[in-house]
Amino acid sequence: MAGVKHYLQFKDLTREEYDYLFDRSRRIKEMFKSYQQYWPLTDRTLVMIFEKASTRTRLSFEAGMHQLGGSAIYLNTRDSQLGRGEPVEDAAQVISRMSDLVMIRTFEQEIIERFAANSRVPVINGLTNEYHPCQIMADIFTFIEHRGPIQGKTVAWIGDSNNVCNTWLQAAEILDFNVHVSTPPGYEVEPERAGLYGTDHFEQFADPMAAVKGADLVTTDVWTSMGFEAENDERMRDFADWQVDADMMRAAGKDAVFMHCLPAHRGEEVSAEVIDGPQSVVWDEAENRLHVQKALMEYLLLGRVNS
Ligand code: CP
Ligand code: NVA
């Protein structure tokens, strides 16, 4: 509905809004770490709709909403009328009359867009086949904590050009950094599906070792995303040479950090040596989902605050 601010993909916010949100995330994290009670969302309700499995997204949104003084309600396809064919538009009308904020994890981006078009309250993308914006907000916040501003830096994406990769590519355009992508043949980035404005901020490499050379951040994700399980055997064969291993991290350089949105498969997209090694920041990355999403929920409901 007109006038409601949603977060359906990374480019829904501007660089200036991200600057604010990263500052705000830092402040909210400090308050949480120092046991300072902060309840700006008392009596507000977040509805979380999951059509796919989750550990981090559910936990970080649910805990985050409680920490801000509100409550969170979990719905899934199996136990709600969504699984019995109630139109998304009708569900949006009803759910958004009884809540203040909705987070959705679903399949096609089109589903969340239809929901948002019929929602009276802000809708947040908790992962679709195309995008995972909350993840990249957390990843960039983590990079800033470890290495400072991301502008002008190089991120190497190794593996599948999936929802997380697409979101890195959008973020590079908004925040002005570069992404080197290396995928097996047949799995290349589709700029239109990624929702890009142009091709200035990314480069595709046939050789993953060339893609990681000099990168400030090396990242990857599962070879088979949720919803693509039928392709698993074929993907295991196709991606075998795209594992992020110690040689790749050496080619990137000792100051490069390693990230993975998790869950990870050691021995497939990443070696145990890398994900459990000194350059990996994956646990900070996972924790930061909590802090950035609290800043995001506060922003969507209350706008900019100073406290
Ligand atoms: N990274 C992430 O979104 O994890 P979950 O699938 O556990 O939510
Ligand atoms: N690309 C993965 C991310 C999981 C958090 C998936 O969509 O399954």
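When a ligand or atom number is given, it counts from 1 through the structure's own listing order.
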Original post:
If you count the atoms of ligand 1 from 1 in the order shown, which ones are under 4.0 Å from a heavy atom of Thr55?
Top reply: 5 (P), 7 (O), 8 (O)
Original post:
Side chain or backbone of Leu262 under 4.0 Å from ligand 2, or both, or neither, by non-hydrogen atoms?
Top reply: backbone
Subject >> Part of Asn129 within contact of ligand 2 (heavy atoms, under 4.0 Å) >> reply: neither
**OP:** Run the numbers for me: atoms of ligand 1, each under 4.0 Å from some heavy atom of Leu262, listed by number.
**Re:** 1 (N), 2 (C), 4 (O)
Original post:
When only distance counts, is Met226 in polar contact with ligand 2, meaning an N/O pair under 3.5 Å?
Top reply: yes
Original post:
Counting each atom of ligand 2 from 1 as listed, which ones have a heavy atom of Asp221 under 4.0 Å away?
Top reply: 1 (N), 2 (C), 3 (C)
Original post:
Given Arg56, Glu285, Gln135, which one has a non-hydrogen atom that is nearest to atom 4 (O) of ligand 1?
Top reply: Arg56
Original post:
Does Ser25 reach the main-chain N or O of Ala295 with its side chain, forming a donor-acceptor pair under 3.5 Å?
Top reply: no
**OP:** Would you check the N or O atoms of Arg105, main chain and side chain alike, for any that come under 3.5 Å of an N or O of ligand 2?
**Re:** no
**OP:** Using distance alone, determine whether His132 and ligand 2 share an N or O pair under 3.5 Å.
**Re:** no
Original post:
Just checking, Lys52 and Phe107: is the charged tip under 6.0 Å from the six-membered ring centre and within 45° of the axis?
Top reply: yes
Original post:
Given Val164, Thr224, Asp160, Asn163, which one has a non-hydrogen atom that is nearest to atom 7 (O) of ligand 2?
Top reply: Asn163
Original post:
Which atom names give the shortest non-hydrogen contact between Val292 and Cys134, and what distance separates them?
Top reply: CG2-O, 4.2 Å
Original post:
At a 4.0 Å threshold, what atoms of ligand 2 neighbour a non-hydrogen atom of Asn162?
Top reply: 1 (N)
Subject >> Contacting atoms of ligand 1, where contact means under 4.0 angstrom from a heavy atom of Cys261 >> reply: 1 (N)
Original post:
In terms of the angle between their ring planes, are Phe205 and His180 parallel, tilted or perpendicular, with boundaries placed at 30° and 60°?
Top reply: tilted
Original post:
Is the Lys NZ or Arg CZ of Arg58 less than 6.0 Å from the centre of Phe50's six-membered ring, within 45° of the axis?
Top reply: no
Subject >> Residue pair Ile49 / Val102, side-chain heavy-atom distance below 4.5 Å >> reply: yes
Original post:
Do the non-hydrogen side-chain atoms of Ser271 and Met248 ever get within less than 4.5 Å of each other?
Top reply: no
Original post:
Do Arg304 and Tyr20 meet the cation-pi criteria used here (NZ or CZ under 6.0 Å from the six-membered ring centre, within 45° of the axis)?
Top reply: yes
Original post:
Is there any N or O on Arg58 that sits under 3.5 Å from an N or O of ligand 1?
Top reply: no
Original post:
Closest non-hydrogen protein atom to atom 6 (O) of ligand 1, residue and atom name please, with distance?
Top reply: Arg105 NH1, 2.8 Å
Original post:
Are Phe32 and Tyr38 near enough that their ring centres are under 6.0 Å apart?
Top reply: no
**OP:** With heavy atoms only and a cut-off of under 4.0 Å, state how Leu127 meets ligand 1: side chain, backbone, both or neither.
**Re:** neither
Original post:
So which protein heavy atom does atom 4 (C) of ligand 2 come closest to, and at what separation?
Top reply: Leu127 CD1, 3.8 Å
Subject >> Under 3.5 Å: donor-acceptor pair, side chain of Arg105, backbone of Ala53 >> reply: yes
**OP:** Would you kindly say whether Thr142 and Asp284 are connected by a side-chain donor-acceptor distance under 3.5 Å?
**Re:** no
Original post:
When you measure from atom 2 (C) of ligand 1 to every protein heavy atom, which one gives the shortest distance, and what is it?
Top reply: Arg289 NH1, 3.4 Å
